[in-house]
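In what follows, a structure is listed as structure tokens, so that the remarks can point back to it.
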Amino acid sequence: MIKENFIKIRSEIPANVELVVVTKTRTVAQIEEAISAGATIIGENYVKEADEKYACLGKKVQWHLIGHLQKNKIKDAVRIFDMMESLDSLDLAAAINKECRKVQKIMPVLIEINCAAEWQKAGILPEDFNAFMQEALKLKTIKPMGVMTMGPLLKNPEDLRPYFEKTRQIFEKAKKIFALDDWKFLSMGMSDSYKVAIEEGANMVRIGSAIFGKRD
Ligand SMILES: *Cc1c(COP(=O)(O)O)cnc(C)c1O
């Protein structure tokens, strides 16, 4: 079913929307099946788990980090990932920048927005976003390319619409203020919410369970 699910979702979403296949808890065999159906971007939450799969799958897909990065995992993360979607603090930005400088790699990053200002969630608060960007842009070996958000955990995806809209406004405003050539990704929407997210302007969605089935 993995193959069919991937093909169906890929055909339903617009061609300009990047589909990040979220593979936390999934096996290499399951991921291979998604790849054979056309998956090109894999999203992983944990560095150690990603590394085990990366050892098998390597560079035939792109690797996106979508979970909070711990400081002691930065070296491995910089080695594995092609993009970090979950940049959530200046501290971390500086540490990633330092490691990238060491290995001479420029890391594309998305800034994670805590769009509902939830105390338990990682991410930059909307009101702190501009100040965050001003500092982050001083770091020359990371490359901010857009924003990512999770949004609050709500039963009805329709209720996420205002949060997606708010995130898009931050994304669009930043495009004007900072005028970056490579500012282009708005990553929002998961299995339950990607349709609403795309309607609200997402051009990158992160989908796991709608492809692989429920996680245990
Ligand atoms: C797990 C996860 C997803 C995918 O969730 P599904 O509901 O399985 O599609 C997307 N984004 C992030 C940040 C995640 O942690």
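Counting starts at 1 for both ligands and their atoms, following the listed order. For the single chain, residues carry numbers from 1 onward in sequence order.
Each of Val22, Lys24, Asn45, Ile66, Met150, Met190, Ser191, Arg206, Ile207, Gly208, Ser209, Arg215 has a non-hydrogen atom positioned under 4.0 Å from some atom of ligand 1.
Pairing each heavy atom of Trp63 with each of Ile80, the nearest pair is CB-O, 3.8 Å.
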Checklist entry - Where do Trp183 and Phe178 land on the ring-ring contact (aromatic ring centres under 6.0 Å, His included) test, with the steps shown first? => result CA-CA 9 Å; Trp183 187 257; Phe178 300 105; 7.3 Å; no

Checklist entry - Does the salt bridge (charged side-chain N to carboxylate O under 4.0 Å, His left out) test come out yes or no for Glu165 and Arg168, once each step is laid out? => result CA-CA 5 Å; Glu165 187 186 359; Arg168 182 178 56 160; 5.7 Å; no

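Counting heavy-atom neighbours within 6.0 Å of Lys8 NZ, excluding the residue itself, gives a total of 12 or less.
Using a 4.5 Å cut-off between side-chain heavy atoms of Ile, Leu, Val, Met, Phe, Trp and Tyr, with links allowed through other members, Ile106 and Met84 fall into different hydrophobic clusters.
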Can you give me every donor-acceptor pair (side chain of residues 108-115, partner residue at least two apart or in another chain, under 3.5 Å) with its distance?
residue : atom : partner : partner atom : Å
Asn114  : OD1  : Ala117  : N            : 3.3
Asn114  : OD1  : Glu118  : N            : 3.0
Asn114  : ND2  : Glu118  : O            : 2.9
Asn114  : ND2  : Lys121  : O            : 3.3

